[in-house]
Visitor: 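Dumping the structure here so I can ask a few things about it.
Just so we're on the same page: letters track the sequence lines, and every chain starts at 1. From a predicted model like this one, the values you see are computed outputs, not experimental measurements.
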Amino acid sequence: MSADAAIDHLLEGLNPPQRDAVMHGEGPMLILAGAGSGKTRVITHRIAYLLRTGQARPGEILAITFTNKAANEMRERVEHLVGRASRAMWVMTFHSACARMLRAYANELGYTRQFTIYDTGDQRRLIKQVLDNHGIDTKRYTPRAMQSQISSAKNKLIWPEVYAESVGSPFEEIVAEVYKDYTRELLRMNAMDYDDLLLNAVRLLEKNQEVRDRYAQQFRWVMVDEYQDTNAVQYRWLQLLTSEHRNLAVVGDDAQSIYSFRAADIRNILEFEEDYPDAHVVKLEQNYRSTQTILDAANALIANNRGQMPKHLWTDLGDGDPVRVREMADEYAEARWVTAEIQRLVDEGVSRAEIAVFYRTNAQSRVLDEMLTRAGVAYQVIGGPKFYERAEVKDAIAYLTFLVNPRDATAFTRIANSPKRGIGQTSMSRVLGYANDLGIDVWEAARGEVPGLTKAARNALGRFMDAMETLKAKAAENGPVAQLLDALLHETGYLDALHAERTIEAQGRVENLQELVSAAAQYDINAENGSLEEYLQQTSLFADADNIRDDEGLVTLMTMHNAKGLEFPIVFMIGMEDGTFPHSRSIEESNLEEERRLAYVGLTRAMRQLTLTYARRRMGYGGGSAPTIKSRFLDEIPRELTDQPSRISRGYPTPGRVASWSQAAAASAEYAGGDTNDAQLFRVGDEIVHAQLGDGVVTGLQPGGIVVVHFAGEGRDRSLMADVAPIKKR
DNA sequence: CGAAATTGGGTTTTT
DNA sequence: CCCAATTTCG
């Protein structure tokens with residue numbers, strides 16, 4: 001293929017705005033990409049186009065995403081378009097890119113290139129220690145609260161010194177103190193937390209002109225995905241990197257900004273045109289994913305937010321089916337019904353991999369979990385308790401970490417007595433204190449003559465460190481990580497201790513560790529020039545969402561946050577109740593707009609069929625089941641887009657929709673269990689009693705066994721399924 | 001020092 | 001309701 005033909009090929013099949021974005025040359029660009037508008041395609045084709053036209057060389061390209069999954073996908077697609085040239089590009093997450101820069105210049109900031117990356121748990125442990133050192137009451141000032149304050153300060157680019165100057169309350173004074181010490185401790189341990197990766201990368205670029213020049217010159221072409229979710233630090237980092245060439249192309253959708261709790265600042269995208277008055281703006285509004293009905297529902301919902309960037313998603317895929325809305329008795333009925341529906345779909349020939357269930361909080365997956373298991377439906381749950389956060393996995397990783405980073409006291413305290421080998425709290429403190437006093441590595445201290453140890457403790461510590469020395473020698477050989485891991489688990493007695501427990505739980509732990517070893521073996525195979533350090537970095541930046549499997553016939557369960565960037569032909573959104581979604585906390589914090597954007601994200605994941613369910617009663621944290629109010633978001637979706645009878649034609653069946661309706665109602669009756677009513681029993685005007693809502697009057701009857709009831713003391717009518725609702729004629 | 005028992009604490013979303 | 005961390009006892 002000639003060069004020109006190759007270029008034509010790249011532009012083929014793109015719509016005009018997409019093509020515009022792909023072909024844009026020098027200068028800043030804002031691509032407003034609605035859901036499902038083919039933005040990944042635009043980014044990847046743009047990269048290929050820049051290369052093919054000779055405007056860019058591979059090494060000049062920096063393409064940034066938020067998740068590893070997105071980065072991998074982008075990398076694969078770019079590789080598909082341009083081949084091996086993709087290897088010289090930086091296609092990765094913010095965190096990986098920063099970590100890479102920091103490894104290269106760690107010493108500039110007083111770190112070594114072996115620095116450890118701390119997750120939230122590690123952070124809290126270290127903060128707790130700082131609090132204890134200060135004699136601060138950790139009940140009143142919880143490590144959790146401290147961690148969240150510090151993290152939010154970091155994400156706003158507020159350094160410890162600056163924070164200390166602006167304290168306005170005793171609480172903040174303590175935070176300031178802890179923040180300062182925590183930062184110092186991290187440096188001493190040669191460790192950075194997640195936030196530090198970004199923050200220190202900024203510090204490095206600001207502080208060191210040479211480094212800044214190097215990267216700012218290298219990255220002539222910068223592309224950022226999900227720009228609406230960037231925070232102040234990421235913003236600054238991008239500014240520093242693009243100061244030279246100003247070829248910053250950002251892709252995002254303000255309607256999908258859902259990470260303000262992680263300090264994402266929607267203003268970054270809203271004000272992009274103010275930051276770059278010469279920015280070329282492209283709007284991608286044609287959606288290639290969903291039916292028009294689904295898009296209309298999403299458009300109508302998001303219209304309730306103020307200050308959106310004007311846009312209107314459309315598709316030529318046709319209207320498709322109405323959005324299904326279902327009311328269930330409680331979360332069990334809801335889960336049973338969803339399960340039954342899934343089984344029905346699968347019977348009809350739908351692949352399980354085409355089906356997803358979304359919910360607001362991870363806890364909601366439990367009931368569904370149970371029902372699907374009972375029904376024998378294969379599924380995967382994304383999120384929740386994470387593999388790399390399980391105690392045994394963290395232990396194993398901590399062993400490796402300590403081998404690499406001998407200063408990491410957090411890793412040391414985690415593993416020194418795990419498995420139990422008689423090195424208790426006091427002994428560990430002695431070791432740490434000793435290291436502190438002499439200003440030496442924890443490793444070195446632990447090998448030396450630590451004063452004040454009992455004979456037993458000294459022996460135990462000696463044996464432990466002997467094993468560690470052996471492992472360190474093995475690590476120095478740079479062999480496969482999996483082998484080292486395996487050796488470690490045996491050498492340290494970790495597996496023996498688990499086997500000795502002889503419990504099912506311990507067996508599960510052993511299996512998790514086996515899984516860890518095979519994952520490491522995978523790494524050994526995949527990594528081109530792998531190293532223990534790189535392996536550790538990868539695992540610490542690993543997110544559960546990276547684990548989604550899409551080719552094994554599994555129904556996918558996940559939070560709506562995790563669903564961002566994905567699509568499924570058939571989507572269920574459950575728990576559509578005020579308090580659950582929108583979450584009560586968002587209502588309290590008047591953060592409804594972000595919740596609505598989250599709902600928007602959920603709705604726009606669906607390609608063909610969208611079903612929204614809510615339960616009349618839901619269990620709170622403390623056992624009791626309480627009545628609920630259906631989500632205000634449901635009311636924001638025009639009825640005519642749903643299979644709910646519209647208010648005007650209440651009581652009259654809508655032709656064409658009746659069949660599927662009664663089918664669904666029948667399924668629901670079958671699975672909801674409990675006493676059932678026959679809809680025929682009720683007539684308009686009947687007085688009824690509801691188990692929770694009390695007295696009411698039937699004001700309408702609808703197909704599918706729905707009775708519309710007006711309850712005393714309620715401003716509106718409720719539609720109830722006669723066969724499952726706890727109602728009786730009086 | 002380790003294991004068991006109790007208590008209290010907290011549940012939005014996560015790179 | 002469930003987990004974790006602290007406390008208490010052996």
Visitor: Between A:Glu533 and A:Arg113, does any NZ, NE, NH1 or NH2 come within less than 4.0 Å of an OD or OE carboxylate oxygen?
Guide: no
Visitor: Rounded to whole Å, please give me the gap between CZ in A:Arg124 and C1' in C:dA5.
Guide: 13 Å
Visitor: Anything under 3.5 Å between a protein N or O and an N or O of nucleotides 6-10 of chain C, put it in a table, one pair a line.
Guide:
unit_1	atom_1	unit_2	atom_2	d
C:dT6	OP1	A:Lys128	NZ	3.2

Visitor: Ion pair present between A:Arg125 and A:Asp122, side-chain N to carboxylate O less than 4.0 angstrom?
Guide: yes
Visitor: Using whole Å, what does the distance between atom P of nucleotide B:dT14 and atom NE2 of A:His561 come to?
Guide: 7 Å
Visitor: Just to verify, what does A:Arg596 make a salt bridge (Lys or Arg N to Asp or Glu O under 4.0 Å) with, not counting sequence neighbours?
Guide: A:Glu636
Visitor: In whole Å, what is the span from the OH atom of A:Tyr259 to the P atom of B:dT15?
Guide: 6 Å
Visitor: Where the side chain of A:Arg597 meets the backbone of A:Ala255, is there a donor-acceptor pair that is under 3.5 Å apart?
Guide: no
Visitor: Got a donor-acceptor contact below 3.5 angstrom from the A:Asn405 side chain to the A:Asn190 backbone?
Guide: yes
Visitor: Could you tell me whether the phosphate oxygens of C:dC2, OP1 or OP2, come under 4.0 Å of any side-chain nitrogen or oxygen in A:Arg366?
Guide: yes
Visitor: 5'-most contact on DNA chain B: A:His95 or A:Thr361, nearest heavy atom basis?
Guide: A:Thr361
Visitor: For A:Ile574 and A:Phe581, run side-chain contact (heavy atoms from CB on, under 4.5 Å): C-alpha distance rounded to whole Å, both residues' side-chain angles, the deciding distance at 0.1 Å, then the answer.
Guide: CA-CA 9 Å; A:Ile574 65 170; A:Phe581 190 42; over 6 Å; no
Visitor: In whole angstrom, give the distance that lies between atom CG of A:Leu566 and atom P of B:dT14.
Guide: 13 Å
Visitor: So what does A:Gln364 touch, heavy atoms closer than 4.0 Å: a base, only the sugar-phosphate, or nothing?
Guide: nothing
Visitor: If you check every side-chain atom of A:Phe261, which of C:dC2, B:dT14, B:dG10 has the closest atom?
Guide: B:dT14
Visitor: Under the criterion side-chain hydrogen bond (donor to acceptor under 3.5 Å, both in side chains), I'd like the reasoning laid out for A:Glu370 against A:Thr373: C-alpha separation, chi angles, the key distance, then a yes or no.
Guide: CA-CA 5 Å; A:Glu370 207 181 306; A:Thr373 306; over 6 Å; no
Visitor: Could you pull out the protein-nucleic contacts involving nucleotides 1-7 of chain B (nitrogen or oxygen on both sides, under 3.5 Å)?
Guide:
unit_1	atom_1	unit_2	atom_2	d
B:dC1	OP1	A:Gly424	N	3.2
B:dC1	OP1	A:Ser427	OG	2.5
B:dC1	OP2	A:Thr426	OG1	2.3
B:dG2	OP1	A:Gly422	N	2.8
B:dG2	OP2	A:Asn417	ND2	3.0

Visitor: Taking the ring of A:Tyr259 and the ring of A:Phe66, is the distance between their centroids below 6.0 Å?
Guide: no
Visitor: Answer yes or no: are there more than 12 heavy-atom neighbours, outside A:Arg267 itself, under 6.0 Å from its atom CZ?
Guide: no
Visitor: Atom CD of A:Glu226 to atom P of B:dT15: distance rounded to whole Å?
Guide: 12 Å
Visitor: Would you kindly give the CZ-to-P distance between A:Arg618 and C:dC1, to the nearest whole Å?
Guide: 16 Å
Visitor: State whether A:Asn155 places a side-chain N or O below 4.0 Å from either non-bridging phosphate oxygen (OP1 or OP2) of B:dT15.
Guide: no
Visitor: How close or far is atom P of B:dT14 from atom CD of A:Gln228, stated in whole angstroms?
Guide: 16 Å
Visitor: How many angstroms lie between atom CG of A:Asn231 and atom CD1 of A:Ile266, to the nearest 0.5 angstrom?
Guide: 14.0 Å
Visitor: Respond yes when some side-chain nitrogen or oxygen of A:Thr559 is under 4.0 Å from OP1 or OP2 of B:dT14, and no when none is.
Guide: yes
Visitor: For the pair made of CG in A:Asp137 and P in C:dA5, what is the distance, rounded to whole Å?
Guide: 17 Å
Visitor: When you check the phosphate oxygens OP1 and OP2 of B:dT13, does a side-chain N or O of A:Asn362 lie under 4.0 Å from one of them?
Guide: yes
